[in-house]
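Step one of this worksheet: look at the structure below.
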Amino acid sequence: RAAPRPRPAGAARPAVVVTLSDTPPHPRGPRARIDPIDSAQTALRLLVGALHHPPEPETLVVVLDDARCGLGVISVSGTTEPDQVLTVVECLARPDLVGGEAGALIVASSRPDGEVDETDLDRWLEMCDLAEAAGLELVDWFVIGRAITCPRDLLGAPPRWRDVGVRRG
């Protein structure tokens, strides 16, 4: 894996406006702490419902417990530069911030006028390392722009969705 890229001097940091929700914004989305998020389709239903409308640059992170049930959705507005997703994951991949219940993360980058580029493959690997260092698994990362793309797929890495059994509740 490539060494982490140093942040360029004077690089913009996201305007951190963080919101945490215990209930999904989409009425048919998984229920927090009850329903496992066990597929990309379920995750996208939650994430797309949580995005700002009209679309704006932002990063969403779903924090999951070990059973892959959502603990909350964190929205960071103003992530206009692609590398800012690394800053968001680095900040959130801290046990003291996400709590002892956290086991995994799902990330989405909203790029209303953009799309995936080849440097996103390195970002995926770096985010995996950041999450792993904190004892978390990065399940997936979606780039939502003119299309919805998963850099993990472009890298050829296998999906990290796992069968979590029968839904509870």
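For clarity, every value in this text was computed on a predicted model and none was experimentally measured. The figures here come from the full heavy-atom set of this structure, side chains too, leaving out hydrogens, waters and symmetry mates.
Counting only heavy atoms from C-beta outward, the side chains of Val139 and Arg68 approach each other to under 4.5 Å. Between Ser109 and Thr79 there is no side-chain heavy-atom pair separated by less than 4.5 Å. Residues Asp83 and Arg123 are in side-chain contact: their nearest non-hydrogen atoms beyond the backbone lie under 4.5 Å apart. Leu154 is not listed as a side-chain neighbour of Glu118, based on a closest heavy-atom distance of 4.5 Å or more. Residues Pro36 and Pro30 form no side-chain contact, since every pair of their non-hydrogen atoms from C-beta on lies 4.5 Å or further apart. At a threshold of 4.5 Å between non-hydrogen side-chain atoms, the residues Arg111 and Asp120 count as touching. When side chains are defined from C-beta on, Val63 counts as touching Leu105, because their heavy atoms get closer than 4.5 Å. By the 4.5 Å heavy-atom criterion applied to side chains, Pro151 and Met127 are not counted as neighbours.
Atom CD1 of residue Ile106 and atom CG of residue Leu60 lie 11.0 Å apart, to the nearest 0.5 angstrom. Here the CG-CZ distance, from Leu44 to Phe142, works out to 4.0 Å after rounding to the nearest 0.5 Å. Atom CG of residue Leu64 and atom SG of residue Cys69 lie 8.5 Å apart, to the nearest 0.5 angstrom. A distance of 13.0 Å separates CG in Leu121 from CD in Glu126, rounded to the nearest 0.5 Å. Rounding to the nearest 0.5 angstrom, the gap separating the SG atom in Cys128 from the CG atom in Leu136 is 11.5 Å. Thr42 contributes atom OG1, which lies 7.5 Å from atom CD1 of Ile37 (distance to the nearest 0.5 angstrom).
In this structure, Ala108 and Ile144 approach most closely via the heavy-atom pair CB-CD1, 4.1 Å. Pairing each heavy atom of Leu130 with each of Leu86, the nearest pair is CD1-O, 3.8 Å. Taking all atoms of both residues into account, the shortest heavy-atom contact from Trp161 to Asp140 is NE1-OD2, 2.9 Å. The nearest pair of heavy atoms linking Gly103 to Asp66 is CA-OD1, 3.4 Å. For Ala93 against Ala134, the heavy-atom pair with the smallest separation is O-CB, 2.9 Å.
For Arg33 (side chain) and Gly70 (main-chain N/O), no donor-acceptor pair under 3.5 Å exists by modelled atom type. In this structure, Arg152 contributes its side chain and Trp141 its backbone to no donor-acceptor pair below 3.5 Å. Side chain of Thr149 to main chain of Val116: no donor-acceptor pair is present (N/O by atom type, distance under 3.5 Å, no hydrogens or angles). For Glu58 (side chain) and His52 (main-chain N/O), a donor-acceptor pair under 3.5 Å exists by modelled atom type.
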> Can you list the steps and then say if Val85 with Val107 is a side-chain contact (heavy atoms from CB on, under 4.5 Å)?
Replying inline: CA-CA 8 Å; Val85 69; Val107 178; 3.7 Å; yes
> Between Leu125 and Leu155, does a side-chain contact (heavy atoms from CB on, under 4.5 Å) hold up when you go through it step by step?
Replying inline: CA-CA 9 Å; Leu125 294 171; Leu155 190 62; 3.7 Å; yes
